[in-house]
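Just so you know, these numbers come straight off a predicted model, no measurement behind them.
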Amino acid sequence: MKSNSPVISFPPHLPFLSRSRTLKTLLFSAISSSSSLHQLRQIHALIHLFGLHASSLLVAKLLRRLSDLGIVPPNPYPSLLFSQVPSPNSFLWTAFIRSHSFSSPLSIYLLMRRQRPPPPPLSFTFSALLKSAQSISEGIQIHAQTISMGGFDSDLFVLNTLIDMYIRSNHVTNARQVFDEMRVRDILSWTSLVVAYSRIGDMDSAAELFEQSPAKDVVSWTAMVGGYSQNARPREALTVFKRMQASGVAFDEISLLGAINACAQLGTSNYAIWIRQVVDRVAVRKSGLVGSAMVDMYSKCGLIVDAQRMFLEISEKDVYSYSAMISGLAAHGRAADAIALFEEMVTTTDVRPNRVTFINVLTACSHAGLVEEGRRYFSLMKKKYRITPDADHYTCMTDLLGRVGFIVEAHELVQSMPVEPNAAVWGALLGACRIHVNPEIAKIASERLFQLEPEGIGHYIVLSNIYASAGMWDEVSKLRKIVRGMGLRKNPASSWMESGDGVIHEFFAGDELHPRSKEMKETLEYLLGRLRLAGYVPVLRSVVYDVSDVEKERILKGHSEKLALAFGVLTTGVRDVIRIVKNVRICEDCHVVMKMASSVIEREIAVRDNLRFHHFRNGVCSCCDFW
DNA sequence: CTAGGGTTAG
């Protein structure tokens, strides 16, 4: 908590004229650095004391700070301040309009126009109006007004705001049209569109514009790094991040976030170590912003101990830091620690959990099968914290109930939930049906999924796998036909790992693309041979094709995480942890192989699946075979 | 004085 009041020191030796200007400057910066209504009122009193309450400059600044603190009409304070200025200039009118952005900025504008003589509107008077436009048509009207005033038709500031208005209402094409018609553009025009394209997932258009933009600064570079990372293209994100550094633009805290997140997605430990060095160079590690991202990144890279260490180093822990840590512990199967941290947060700090925190806590319960605790937190969230559960929370509950086998109850929950179940909810139910082989409810869930996400080829495959596990081969072949008709899968299952030099090696089921493929095959055969001696029997039911047992065994051997395991054995030191990242859930057979391998070859193996970690040590897994 | 922002279920 900042409790220091702004200090206004007055240099008495200055001549009177400059004293007045200096005083204004001092008061002005005091307003900027104020952090509470109480302080603002004190400064306001000072302004009165010095007879400066008619200053448009100071009052405009006060208004702006007030809206930052959420003090806007109908709170009378802004109007009171405004009314004390006998002849407000255009700047103050604009500030007053802006402070009404959530009520009726247009009515203030009309009031301004009715003054005699009317203060000339400024470009950012219109920008303030445009910013608060509730709809496209209102925005277009305001823009027409702007043009009719003359002199603004090619105003950069107005046009940039117009672009933003279109982007805010998801009309990227219109924004692009404005952009294309601009005779003069600045870096903000370019960046706005780059961001707009990346938000709609069109990174190729974003990149094209970015490359064309004549100037690049830390913000526009960051937009690209963040864009790639938010669109699940971590390698490109890091490439752009490195290019930014090479171009001589210094990065700041915000620009690091995209890069940290990209490393989290890659999930490999060398990138974790690399980004830590980058972060340490600017010594912002203890900030909550970077700290939370780092906690998340370490967790996702399997370095949970480093995540915890990082968490402790954050100087001002907020709900993001706690949520990131809880989510990390959950992903590593440490439900008890995740819950303990949540309890510590609510009992020993002022940090209030938000909806995401509860998603994290419920996920922790889910990964450990803690049904009763999950129910308790679900109701605590409503009763004590007044957070209305949304579809995401119901997804967690459906997953929690379904995962332990309460499929009927999970289905009832989905049917009775007060918000419309979305694809994630039905997906959780379908996932539960896969684990516990319940083709009846799976059929219900997947029919809804086919409606909600008709392009989601994965749902057909999961349903088909459930039918396969239940031996319903007629149904399987019907679904296979549909899947074939839909074309190739966009995201095939793959596993990847890093060799010591930071190169990422990716493997696909049954592929022989890697230059060391032959060696890997031999290594795997040798390893499986040793496992067989220790009692390994391939889990044939992990294969969801109706083929012979010999063929099933051949398919199992080709699973990408086994290829990665072989590659890891070949290329890493005997004391290194073999770290594998996988983009889908690990299958039962691979899980058995990893467990046994960890004891037979005395190596620690860590596999990150699409949602959690498996740490294999001495023949057991941290997930206790519940995943 | 408008452009980039950490935690999120299947």
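- Under the ring pair (Phe, Tyr, Trp, His ring centres under 6.0 Å) criterion, A:W93 pairs with A:F82, sequence neighbours left out.
- Applying the salt bridge (charged side-chain N to carboxylate O under 4.0 Å, His left out) test to every pair with at least one member in residues 208-221 of chain A, sequence neighbours left out, gives these pairs: A:E211-A:R243.
- The side chain of A:K300 contributes an N or O atom lying less than 4.0 Å from OP1 or OP2 of B:dT8.
- By the 30° and 60° cut-offs, the orientation of the rings of A:F358 relative to A:Y385 is tilted.
- Residue A:L463 contributes atom CG, which lies 15 Å from atom C1' of B:dG10 at whole-angstrom precision.
- Sorted by first and then second residue, the salt bridge (charged side-chain N to carboxylate O under 4.0 Å, His left out) pairs involving residues 351-365 of chain A (not counting sequence neighbours) are A:R355-A:D390, A:R355-A:D392.
- The side chain to side chain contact (heavy atoms under 4.5 Å, CB included) test applied to A:L289 returns A:E253, A:I254, A:L257, A:S287, not counting sequence neighbours.
- The A:L289 side chain lies nearest to B:dG6 when the options are B:dT2, B:dG10, B:dG6.
- In the set B:dT8, B:dG10, B:dG6, B:dG6 carries the atom at the smallest distance from any side-chain atom of A:S321.
- Nucleic acid contact class of A:R403 (heavy atoms, under 4.0 Å, all strands): sugar-phosphate only.
- Within residues 212-219 of chain A, the residues approached by DNA chain B to less than 4.0 Å at the level of any non-hydrogen atom are A:D217, A:V218, A:V219, in residue-number order.
- Distance from the side chain of A:A223 is smallest for B:dG4 among the nucleotides B:dG4, B:dT8, B:dG10.
- Using a 4.0 Å heavy-atom cutoff across all strands shown, A:D186 reaches no nucleic acid atom at all.
- Contact annotation: A:R199 reaches the phosphate of B:dG5 (side-chain N/O to OP1 or OP2, under 4.0 Å).
- Taking only distance into account, the side chain of A:N261 never meets the base of B:dG6 through a donor-acceptor pair shorter than 3.5 Å.
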(message) For A:F241 and A:F251: C-alpha separation, side-chain torsions, deciding distance, then whether ring-ring contact (aromatic ring centres under 6.0 Å, His included) applies.
(response) CA-CA 9 Å; A:F241 184 72; A:F251 53 82; 5.5 Å; yes
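- The salt bridge (charged side-chain N to carboxylate O under 4.0 Å, His left out) analysis of residues 401-424 of chain A, with sequence neighbours excluded, yields the pairs A:R375-A:E409, A:D399-A:R403.
- Here A:R98 lies in heavy-atom contact (under 4.0 Å) with sugar-phosphate atoms only.
- At the phosphate of B:dG6, OP1 or OP2 sits under 4.0 Å from a side-chain N or O atom of A:Q230.
- Residue A:A391 is out of contact with every strand shown, counting any heavy-atom pair closer than 4.0 Å.
- When distances are taken from the side chain of A:D318 to each of B:dG4, B:dG6, B:dT7, the shortest belongs to B:dG6.
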